[in-house]
Protein chains: 2
Amino acid sequence: MKRFGEEMQQRRKSTRKSPTMLDVAQSAKVSVATVSAVVNGSTPVSPELRSRIETAIQQIGYKRNTIARSLKIGTTRTIGLMVADITNPFFTDVVSVIQDVLHRAGYAVMLCCNDEDINLQDEQIELLLDRMVDGLIIAPAGEDAHLKRILASASVPTVLIDRLCDGIETDAVILDNRRAVLDATAYMLSLGHRRIGYISGSLETSTGRERLAGYRAALDAAALPFDEKLVQIGNFREKDAYKAAMQLLTSAGRPSAIFSANNLMVIGVMKAIRDIGLRCPDDISVVSFDDFPWADVFQPHLTTIAQPVQTIGEQAAQLIIDRLSGRGMEPPRRLMLQGRLIIRDSCRPFPLTAPHATA
Amino acid sequence: MKRFGEEMQQRRKSTRKSPTMLDVAQSAKVSVATVSAVVNGSTPVSPELRSRIETAIQQIGYKRNTIARSLKIGTTRTIGLMVADITNPFFTDVVSVIQDVLHRAGYAVMLCCNDEDINLQDEQIELLLDRMVDGLIIAPAGEDAHLKRILASASVPTVLIDRLCDGIETDAVILDNRRAVLDATAYMLSLGHRRIGYISGSLETSTGRERLAGYRAALDAAALPFDEKLVQIGNFREKDAYKAAMQLLTSAGRPSAIFSANNLMVIGVMKAIRDIGLRCPDDISVVSFDDFPWADVFQPHLTTIAQPVQTIGEQAAQLIIDRLSGRGMEPPRRLMLQGRLIIRDSCRPFPLTAPHATA
DNA sequence: GATCTTATTCGAAACGTTTAGATTGTGTCA
DNA sequence: TGACACAATCTAAACGTTTCGAATAAGATC
């Protein structure tokens with residue numbers, strides 16, 4: 001019987017629910033209100049009681065139940081973060097700093113990825129809202145009406161990163177995409193390239209549209225015609241970009257240079273170039289949106305547009321923190337940052353005049 | 001006056017708390033218990049009432065409050081996920097698939113990064129436990145006693161990924177690190193290299209130790225002496241690895257090959273090689289743990305050990321899901337997966353016999 | 001017609017906090 | 001000594017669910 005009792009004890013021990021404020025209160029012979037007061041430091045408590053309660057907390061191993069607390073105070077100190085694809089180094093970096101800043105401010109981060117899928121996206125947002133996050137930081141995969149409805153009806157502050165959504169008036173931090181691509185394209189034009197292929201991201205996103213607009217603007221500025229056969233949609237993923245680049249490279253008027261609208265896609269582009277049997281930069285020049293940490297160690301050293309990921313993340317986190325602490329009803333703030341063209345050596349002048357000239 | 005009333009209305013509308021079950025119940029003229037029954041499908045409800053309640057829900061725009069629900073049922077359907085560094089593509093990939101699998105199973109994911117910092121790590125775990133996650137998936141930065149205490153006292157199921165912690169007996173999915181590095185080292189030895197530099201990760205982690213053990217095992221197997229001057233600690237980050245490689249490359253008996261114990265570090269190694277004025281693979285051979293998606297497009301095409309990231313993520317997620325649905329008290333399961341050596345061309349035979357021979 | 005099932009529905013007590021307002025005790029001052 | 005202020009503490013009502021057991025109604029059985 002003793003044995004059985006012990007087993008019960010054991011079982012109870014491993015499965016018993018965690019101690020509550022009431023347990024602490026009873027052990028310290030005070031009311032739960034007083035315990036709450038010392039736990040939160042909300043009301044002054046006499047030194048004796050305070051220390052009695054503190055030792056009781058230690059002894060019992062009490063941890064306050066955040067769920068109950070959240071229910072009462074209506075706040076979870078948790079931020080929902082949704083990006084298109086965590087696997088994309090740009091988003092990875094941004095997520096990393098957002099996570100860091102928010103943690104420092106005492107917020108937890110709930111992460112979602114929509115895989116550039118507009119349906120999944122709505123599901124994910126619902127999941128986050130369902131978890132009662134206090135705020136949302138999102139890079140939308142696209143701007144369907146559903147998303148707008150959800151965001152409008154949910155009353156949590158939202159900040160958009162990387163991509164805007166027209167019709168959604170919230171805080172946002174984005175890049176001057178048009179300008180960045182304009183600069184990059186102008187650079188290629190300055191090298192003499194006239195037929196520049198453009199591998200685009202999804203035109204459902206503001207980044208997709210703005211970057212393409214930058215390309216066109218550069219052509220306009222140089223008084224060159226826009227040839228729509230030179231632009232292919234790669235949807236921001238490697239696979240699609242590979243096919244798109246293949247298309248471009250096997251077509252009649254093959255371009256002498258290619259611009260890739262993001263980091264994932266340039267890998268696909270490079271694979272296509274290799275598979276076709278061309279070499280970069282000897283046979284074809286390449287510039288890509290988004291920088292890589294390894295870009296100046298591995299060849300070809302890619303010329304890229306670097307985004308200020310650190311700043312983007314910091315600002316986004318700060319915007320949501322501000323919103324949640326007071327600045328509730330102020331008009332939305334939009335931050336637009338500048339990209340930076342990093343010239344390495346994935347581009348050659350065209351037509352080639354260097355000793356290496358092929359034809 | 002009308003105006004004032006309207007403003008109030010307006011104000012109330014934008015700031016009023018979301019509708020509760022009670023609101024639905026009153027609108028449908030039933031009890032909250034019945035509303036709960038139809039929301040959860042827990043008890044049979046007659047068709048009339050069901051439809052009355054459902055339309056009321058639609059009309060009012062009711063969403064159930066998950067916080068209250070969690071408080072009552074004692075479960076949050078949220079998993080805490082902590083990795084050393086989300087910026088590391090290996091972790092990024094694993095996080096991505098874990099996230100995906102868990103979402104499909106209806107779990108949300110709370111993400112933390114400890115930045116390979118053992119103090120931050122404890123803080124992060126506390127944060128997660130404080131948020132009352134139902135389970136934990138973690139890649140520990142190190143195995144301090146504190147972590148063990150926390151995990152022991154918290155009664156949430158835990159699965160370790162990538163790294164073990166002795167003294168913590170939980171489900172885990174890891175790689176056969178020793179074997180993988182043994183194979184890679186054997187490969188380098190087979191090319192004739194005798195002095196192989198080793199850039200190690202932190203020996204606070206099981207991966208750091210096991211990988212190094214694999215290196216030593218390969219030397220042993222070839223009856224070669226272990227020269228501790230050939231191993232440098234790079235702590236899994238690029239910066240440290242750069243310094244470590246510099247050390248190695250400028251030392252008296254410079255190695256003819258270098259093994260890097262992870263992906264981040266190999267970038268540092270390559271930078272060091274470049275800065276010293278050497279070329280890979282012509283002057284020095286390199287192999288790295290962890291594969292890159294761009295490895296066979298950019299040069300030198302790195303020879304790497306690829307981890308089955310997809311499987312690691314899937315299994316880890318599955319282990320926690322299983323634990324949370326019934327399999328509560330079964331003994332811990334340990335999954336050990338195999339790495340795969342992908343031979344590209346960052347290694348040359350040594351001494352060089354090929355036409356390119358330099359000396 | 002009384003009793004017993006069976007199927008719905010409901011009332012009310014949790015879950016573990018927070019917090020407004022009531023209560024108590026102590027010291028001050030007339 | 002009584003009135004009063006003031007601080008510390010407590011009581012009890014929320015927060016929005018879930019769920020157990022009770023209540024009700026309608027058939028079924030004798």
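We name chains A, B, ... by the order of the sequence lines, and we start the count at 1 in each one.
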Phosphate-side-chain proximity, R64(A) and dT17(C), N/O vs OP1/OP2 below 4.0 Å:
no
Please check the phosphate of dT9(D) (OP1 and OP2 only) for any side-chain N or O of S46(A) closer than 4.0 Å.
yes
Nearest-nucleotide comparison on DNA chain D, the residue closer to the 5′ end among L71(B) and T34(B)
L71(B)
Closest-nucleotide ordering on DNA chain C, the 5'-leading residue of K72(B) and P47(B):
P47(B)
Sorted by position of nearest nucleotide on DNA chain C, 5' first, the leading residue of S31(B) and A33(A) is S31(B)
Take the protein atom CG of L49(B) and the nucleotide atom C1' of dA7(C), then report the distance between them rounded to whole Å.
12 Å
Just how far, in rounded Å, is P of dT17(D) from CD of Q26(B)?
13 Å
Give a yes/no answer on whether the side chain of S36(B) brings an N or O atom under 4.0 Å of OP1 or OP2 in dT17(D).
no
So that I can tick it off, tell me whether E126(A) and R149(A) are bridged by a salt bridge, with the cut-off set at under 4.0 angstrom between side-chain N and carboxylate O.
no
dT9(D) P sits how many Å from N40(A) CG, rounded?
16 Å
Would you mind checking if R64(B) and D130(A) are paired as a salt bridge, meaning a charged N to carboxylate O distance below 4.0 Å?
no
Side chains of R323(A) and E330(A): does their closest heavy-atom pair fall under 4.5 Å?
yes
Rounded distance (Å) that lies between atom P of dT19(D) and atom CD1 of I73(B)
7 Å
How many whole angstroms separate atom CD1 of I57(B) from atom P of dG16(D)?
16 Å
As a test of reading the structure: which of dT9(C), dT19(D), dA12(D) is closest to the side chain of V45(B), going by heavy atoms?
dT9(C)
Should E48(A) and K29(A) count as an ion pair when the cut-off is N to O under 4.0 Å?
no
State whether the number of non-hydrogen atoms from other residues, nucleotides or ligands found under 6.0 Å of K63(B) atom NZ is greater than 12.
no
E48(B) CD to dT8(C) P: how many Å, rounded?
10 Å
Name the nucleic acid region contacted by V30(A), choosing base, sugar-phosphate or nothing; use a 4.0 angstrom heavy-atom cut-off, strictly under.
sugar-phosphate
Expressed in angstrom and rounded to an integer, what is the separation of D130(A) atom CG from dG16(D) atom P?
16 Å
Can you tell me if N65(B) touches the phosphate of dC15(D), counting only side-chain N or O atoms and a distance under 4.0 Å to OP1 or OP2?
no
Atom-to-atom span, CZ of R50(A) to P of dT9(D) - whole angstrom
9 Å
Among the candidates dT18(D), dC10(D), dG16(C), find the nucleotide nearest to the side-chain atoms of T20(A).
dG16(C)
